[in-house]
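Questions regarding the structure given below will be posed in turn.
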Protein chains: 2
Amino acid sequence: MAEIRLPKARRGRPRQAEVARLAGVSQTTVSLVLSGNKQGIALHPDTRARVLQAARQLGYAPDPAAQRLAAARNDLLGVFSFTATFPTDVAHSYYPILVGVEQEAVARGYDLVLFTGSSSAPARAGRADALDRVRLADGCLFLGRHVPADELRRLVEQGYPAVHIGRRDELDSLAWVGADYAEATAEVVRRLAALGHRHVVLVCETDEALASTDRERGFRGALAQTGLTGEVVRAADPAAEITGEWVRSQLAAGVRAFVAEETDTCAAWRALLTAVEDAGLTAPADLSLALLGAPPADLAHLPEPTGFDVPKAELGAAAVRTLTALLTAGAADCSPLVPCEFRPGRTAGPAPHP
Amino acid sequence: MAEIRLPKARRGRPRQAEVARLAGVSQTTVSLVLSGNKQGIALHPDTRARVLQAARQLGYAPDPAAQRLAAARNDLLGVFSFTATFPTDVAHSYYPILVGVEQEAVARGYDLVLFTGSSSAPARAGRADALDRVRLADGCLFLGRHVPADELRRLVEQGYPAVHIGRRDELDSLAWVGADYAEATAEVVRRLAALGHRHVVLVCETDEALASTDRERGFRGALAQTGLTGEVVRAADPAAEITGEWVRSQLAAGVRAFVAEETDTCAAWRALLTAVEDAGLTAPADLSLALLGAPPADLAHLPEPTGFDVPKAELGAAAVRTLTALLTAGAADCSPLVPCEFRPGRTAGPAPHP
DNA sequence: TTGTACGCGTTATCAA
DNA sequence: TTGATAACGCGTACAA
């Protein structure tokens with residue numbers, strides 16, 4: 001098999017000094033000409049031409065490392081996720097977000113550095129701790145709620161530009177972007193109200209995620225606003241508590257609309273679907289169902305749930321915008337909420353008149 | 001909306017000099033300790049401990065630009081793709097390759113920088129330095145055949161360590177890794193032969209991709225090896241040329257096995273499937289079908305095609321191995337071919353005895 | 001065992 | 001209009 005060998009002349013790369021020598025000017029002048037003369041300094045056209053000619057002749061290209069050292073920035077944005085950025089199993093976890101991150105970063109002239117917290121790199125002596133490593137980038141995005149709070153706090157308090165994707169309240173001064181779960185949930189309730197529903201039950205899991213409390217807040221707010229009555233059921237073990245019997249009793253009490261929150265496992269939603277089936281009922285004929293988020297991939301064959309979609313790409317893009325604002329202006333709005341899009345779906349319909 | 005402001009005092013990242021001041025040593029000592037003391041210089045354990053402690057306390061992380069400028073290395077590997085790395089159209093996304101790249105890079109102590117040469121970068125569009133940006137990293141992987149050849153050539157000729165993912169012959173001295181399409185295709189033909197087939201037709205598109213010629217070469221080689229007869233059909237417009245009628249005429253000529261190559265669009269495969277259906281036939285009962293690659297996502301509901309899978313993660317890992325060999329040894333095998341895995345599938349079966 | 005001095009290639013501030 | 005000169009942060013002979 002053939003072999004590729006690197007040319008030994010690694011130092012043979014032309015530098016500004018050599019261009020200067022060829023053009024008969026100083027290296028400073030070369031820098032001035034080649035960097036586009038942003039300072040508006042007057043330059044003799046001949047000098048300019050000679051420099052450009054010499055640079056072309058030598059095939060000069062600036063060394064990005066040197067440029068970035070001098071400019072005290074490297075146009076790098078970090079993306080840190082505690083779980084693997086590219087998980088082998090859950091192929092699509094952060095992917096949609098990364099789409100938005102990359103697009104927005106590219107549009108703003110930044111490159112991306114990927115950091116994975118869970119990765120067990122061979123312990124190289126002197127290597128910075130997991131989170132400190134991100135400092136190599138001008139700023140960093142953090143994904144997922146598993147980012148260690150204390151290390152993150154230190155980073156932020158030392159003035160490192162960081163933006164968390166997903167709500168993160170416990171750290172004051174930490175910028176974050178998140179989806180507007182409250183408003184999206186409220187919209188779902190309003191839609192149900194418009195369909196004639198008077199009673200709505202929200203099924204949650206006991207996971208105390210911030211997104212969960214957001215949804216509950218939006219739920220209660222919309223109830224008050226629309227004059228509906230409703231209840232929040234927090235099930236530690238949805239599969240056990242949300243049964244066909246439970247559904248029947250709710251129907252007996254006049255409830256015709258059930259809303260479940262989306263989680264990693266979507267246990268609440270799954271339990272609800274199973275319970276409805278066990279009760280021998282169908283949506284949207286007998287009752288209405290809604291999912292506060294997107295259904296898991298393995299449920300893709302079922303009728304599309306009424307609910308809302310979190311615009312994940314937009315979330316990533318918003319995070320980049322916030323981070324670059326931090327970078328360039330030194331400040332940014334701390335919590336731009338990205339609106340979710342209502343998804344009509346096919347699991348909710350008019351409330352049967354009693 | 002509240003505002004997040006970066007602490008003005010702590011602006012900027014900690015440098016070795018500050019670590020040195022905190023530890024009560026010189027900057028040199030800090031550098032020595034943090035870079036792992038490769039020179040084997042004797043260091044007092046206490047000094048070492050103090051430096052490490054100070055570095056951690058300050059959250060020190062080395063500046064990649066400065067490292068690269070001084071030491072000509074920074075343990076960063078670049079990944080350059082001309083099209084977006086995370087395209088909205090998930091179809092031809094590099095995600096599976098990146099999985100392998102990340103794993104292998106992390107295992108070898110490298111971090112990853114994603115460079116996107118997309119045209120949407122405002123300031124850099126069309127500039128010759130689009131590719132030169134990657135020089136910030138010690139070496140770089142290049143994805144896709146759209147990487148501009150002349151810029152890439154310059155990079156390589158100046159001794160920059162680069163590895164192309166996917167076959168790339170037109171540049172001498174450019175290392176690349178690719179899937180072994182020829183052998184994988186040959187294996188498919190051999191399997192068909194083992195099933196009793198005597199005549200095989202390969203349907204290609206007119207796309208002159210290197211992978212396409214590889215497949216054709218493997219096809220012809222296996223024909224000779226197995227004593228089968230066969231034909232290669234290159235269709236400019238598969239949907240128009242590969243019709244039910246065409247299939248019938250092939251069957252009349254004794255052909256019972258059809259093989260299509262995989263492309264971005266998979267037009268050949270789609271045409272073949274449609275044609276077989278139009279002819280009122282079914283695979284594998286009436287004839288055998290094989291796909292040289294993976295089926296597109298929107299055809300996932302169909303029976304799994306017989307054929308082979310390109311181990312994309314392994315491809316990425318192999319690329320990293322080649323690149324790191326280039327970095328550490330200055331040379332590497334130029335074209336490690338990654339073997340593909342035969343996929344039995346359910347579209348090929350025993351040839352009906354005539 | 002630790003510190004001094006210098007160079008890497010570029011940009012920026014001043015003098016000339 | 002141009003050219004010395006000094007950073008930028010880090011690695012490393014060489015000296016102490």
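First the proteins, then the strands, lettered A, B, ... as listed; each starts at 1. In what follows, every heavy atom counts, from backbone to side chain, and hydrogens, waters and symmetry copies are set aside.
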* Taking CZ from R135(B) and P from dT10(C), how many angstroms apart are they, rounded to a whole number? -> 10 Å
* Which pairs count as salt bridge (Lys or Arg N to Asp or Glu O under 4.0 Å) when at least one residue sits in residues 76-85 of chain B, sequence neighbours excluded? -> none
* Asked: Can you tell me how far C1' of dC8(D) sits from CG of D75(A), to the nearest Å?
  -> 15 Å
* To do: For L136(B) and dT10(C), give me the distance from atom CG to atom P, rounded to whole Å.
  => 14 Å
* What nucleic acid atoms does V25(A) come within less than 4.0 Å of, heavy atoms only: base, sugar-phosphate, or nothing? -> sugar-phosphate
* Quick one: N74(A) CG to dG9(C) C1', roughly how many Å, whole number? -> 16 Å
* Sidechain-backbone polar pair: R133(B) side chain, T116(B) backbone, donor-acceptor under 3.5 Å -> yes
* To do: To the nearest 10°, let me know how far the axis at one end of the helix from dT1(C)-dA16(D) to dA16(C)-dT1(D) is tilted from the axis at the other, five pairs an end.
  => 50°
* Do R135(A) side-chain atoms and Y160(A) backbone N/O form a donor-acceptor pair below 3.5 Å? -> no
* In whole angstroms, how far is the P atom of dT2(D) from the NE2 atom of H44(A)? -> 7 Å
* Taking ring-ring contact (aromatic ring centres under 6.0 Å, His included) as the test, write out the residues that go with F115(B), two or more places apart. => none
* Asked: For R68(A) and dT10(C), what is the distance between atoms CZ and P respectively, to the nearest whole Å?
  -> 13 Å
* To do: Under 4.0 Å between any heavy atoms, over every strand shown, what does L69(A) touch: base, sugar-phosphate, or nothing? Just pick one.
  => base
* Asked: Within this structure, what is the CZ-to-C1' distance between R50(A) and dG3(D), rounded to whole angstrom?
  -> 14 Å
* To do: Only pairs at least two apart or in different chains count here, so list each salt bridge (Lys or Arg N to Asp or Glu O under 4.0 Å) that has a residue in residues 314-324 of chain B.
  => E104(B)-R321(B), E314(B)-R321(B)
* Structure fact -> Applying side-chain hydrogen bond (donor to acceptor under 3.5 Å, both in side chains) to H44(B) and not counting sequence neighbours gives D46(B)
* To do: Using a strict cut-off of less than 4.0 Å between a Lys/Arg side-chain nitrogen and an Asp/Glu carboxylate oxygen, indicate whether D63(A) and R15(A) qualify as a salt bridge.
  => no
* Looking at side-chain heavy atoms only, is the closest gap between T29(A) and T47(A) below 4.5 Å? -> yes
* CZ of R21(B) versus P of dG3(C): gap in Å, rounded? -> 14 Å
* **L141(B), V79(B), L143(B) screened by side-chain contact (heavy atoms from CB on, under 4.5 Å) with I97(B), the one that passes** => L143(B)
* To do: Starting at the 5' end of nucleotides 10-16 of chain D, put B wherever the base has a protein heavy atom under 4.0 Å, S where only the sugar-phosphate does, and a dash everywhere else.
  => BBB----
